[in-house]
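What follows is a single structure, written as structure tokens, with notes after it.
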2 protein chains.
Amino acid sequence: MNITHYQAEVLKTLGQSTRLKIIDFLRLGERCVCEIFPAIGEEQSNTSRHLNMMVSSGILFRRKEGVKIFYALKHPEIMEIVDLATLIMTREITGRHSLLQAA
Amino acid sequence: MNITHYQAEVLKTLGQSTRLKIIDFLRLGERCVCEIFPAIGEEQSNTSRHLNMMVSSGILFRRKEGVKIFYALKHPEIMEIVDLATLIMTREITGRHSLLQAA
DNA sequence: CGATTATATGATTATATAGTCATATAAACA
DNA sequence: TGTTTATATGACTATATAATCATATAATCG
């Protein structure tokens with residue numbers, strides 16, 4: 001097990017569209033599963049799996065309150081990473097677009 | 001195809017240990033395949049596949065010079081993302097460690 | 001206690017991915 | 001032209017992943 005394996009774990013966790021939708025929604029703050037899955041338009045069971053996976057990867061906090069389980073972003077850097085990825089993506093898309101226009 | 005699919009493409013590309021090794025090596029600057037695969041200790045064919053994949057994801061530049069193909073990081077933000085992931089990872093590992101000590 | 005609500009999980013399926021080996025392509029050079 | 005060197009790719013295998021459906025667990029409340 002290399003150091004890159006641990007780095008990869010964090011980044012791989014962020015590199016999936018359902019999980020990105022969850023992260024985006026959790027920018028608003030702590031939310032329970034019952035709020036998250038309708039907000040992102042995924043099944044309860046699938047959402048639950050991704051949430052648990054993100055806790056294991058060290059990306060989310062989990063807090064229990066009665067029947068409800070609340071999840072929240074654990075590190076502000078997660079939002080920074082997503083924002084940087086958005087920036088790269090935007091630059092790539094406009095770049096490809098201007099190449100298409102030039103052709 | 002959602003916007004999160006494109007973000008995920010960038011982040012998923014970064015979330016794999018062989019590719020992280022390549023990215024780490026390319027911090028030194030532009031390098032050809034013949035330098036990259038021995039440096040990261042992977043097969044030529046596997047390295048080539050990852051390099052091509054990273055070009056498709058918009059993460060690397062490719063430049064041809066004679067028989068050699070040179071690859072380089074395309075966006076400085078890629079290094080920022082990797083560094084932020086390292087930070088999160090480090091914080092997680094030390095956090096888990098202090099929890100173990102407390103137990 | 002029985003019903004309801006919130007969440008997690010087992011089993012399964014379809015798909016994606018990484019890696020390997022052998023081989024193809026293509027430039028350079030004797 | 002034939003050989004060498006650098007890179008890419010086809011075919012294949014093993015493994016991982018996401019999603020779904022049905023069901024289990026566990027807290028709450030009448």
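Numbers restart at 1 for each chain; the letters A, B, ... are given by sequence-line order, proteins then strands.
Contact between A:Leu11 and B:Gly15 at its shortest, heavy atoms only, is CB-CA, 3.6 Å. Taking both residues in full, the closest heavy atoms of B:Ala8 and A:Ser17 are given as CB-N, 3.8 Å, listed atom of the first, atom of the second, then distance. When all heavy atoms of B:Arg91 and A:Pro76 are compared, the pair lying nearest together is NH1-CD, 4.5 Å.
Side-chain N/O atoms of A:His50 include none lying less than 4.0 angstrom from OP1 or OP2 on D:dT17.
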Under 3.5 Å, which donor-acceptor pairs do the side chains of residues 31-45 of chain B form with other protein atoms, sequence neighbours left out?
unit_1, atom_1, unit_2, atom_2, d
B:Glu35, OE1, B:Cys32, N, 2.9
B:Glu42, OE1, B:Asn46, ND2, 3.2
B:Glu42, OE2, B:Lys21, NZ, 3.2

Contacts table for residues 79-86 of chain A: side-chain donor-acceptor under 3.5 angstrom, sequence neighbours left out:
unit_1, atom_1, unit_2, atom_2, d
A:Asp83, OD1, A:Arg27, NH1, 3.3
A:Asp83, OD1, A:Arg27, NH2, 2.8
A:Thr86, OG1, A:Val82, O, 2.8
A:Thr86, OG1, B:Gln7, NE2, 2.7

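Using a 4.5 Å cut-off between side-chain heavy atoms of Ile, Leu, Val, Met, Phe, Trp and Tyr, with links allowed through other members, B:Phe25 and B:Leu51 fall into the same hydrophobic cluster. B:Ile88 and A:Val55 fall within the same hydrophobic cluster, where Ile, Leu, Val, Met, Phe, Trp and Tyr residues are linked whenever their side-chain heavy atoms come under 4.5 Å apart, directly or through other members. B:Ile69 and B:Phe61 are not part of a single hydrophobic cluster, where members link through side-chain heavy atoms under 4.5 Å apart. B:Leu20 and B:Leu87 are not part of a single hydrophobic cluster, where members link through side-chain heavy atoms under 4.5 Å apart.
Listed by residue number, there are no residues of residues 20-30 of chain B with a heavy-atom contact under 4.0 Å to DNA chain D.
Every salt bridge (charged side-chain N to carboxylate O under 4.0 Å, His left out) that B:Lys74 has, sequence neighbours left out, goes to A:Glu92.
Taking atom CD on B:Glu65 and atom P on D:dT5, their separation rounds to 19 Å, with Å as the unit. Between the C1' atom of C:dA27 and the NZ atom of B:Lys64 lies a distance of 7 Å, rounded to the nearest Å. Rounding to whole angstrom units, CD of residue B:Gln16 and C1' of D:dT17 are separated by 14 Å. Between the P atom of C:dT17 and the CE atom of B:Met54 lies a distance of 14 Å, rounded to the nearest Å.
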Quiz prompt | Sequence-aligned protein contact record of nucleotides 7-13 of chain C, with B where the base is within under 4.0 Å of a protein heavy atom and S where only the sugar-phosphate is | solution = BBBBB--
Within the sub-3.5 Å range, which N or O atoms of nucleotides 14-16 of chain D have a protein N or O partner, and how far apart are they?
none

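When side chains are defined from C-beta on, B:Leu26 does not count as touching B:Ile78, because their heavy atoms never get closer than 4.5 Å.
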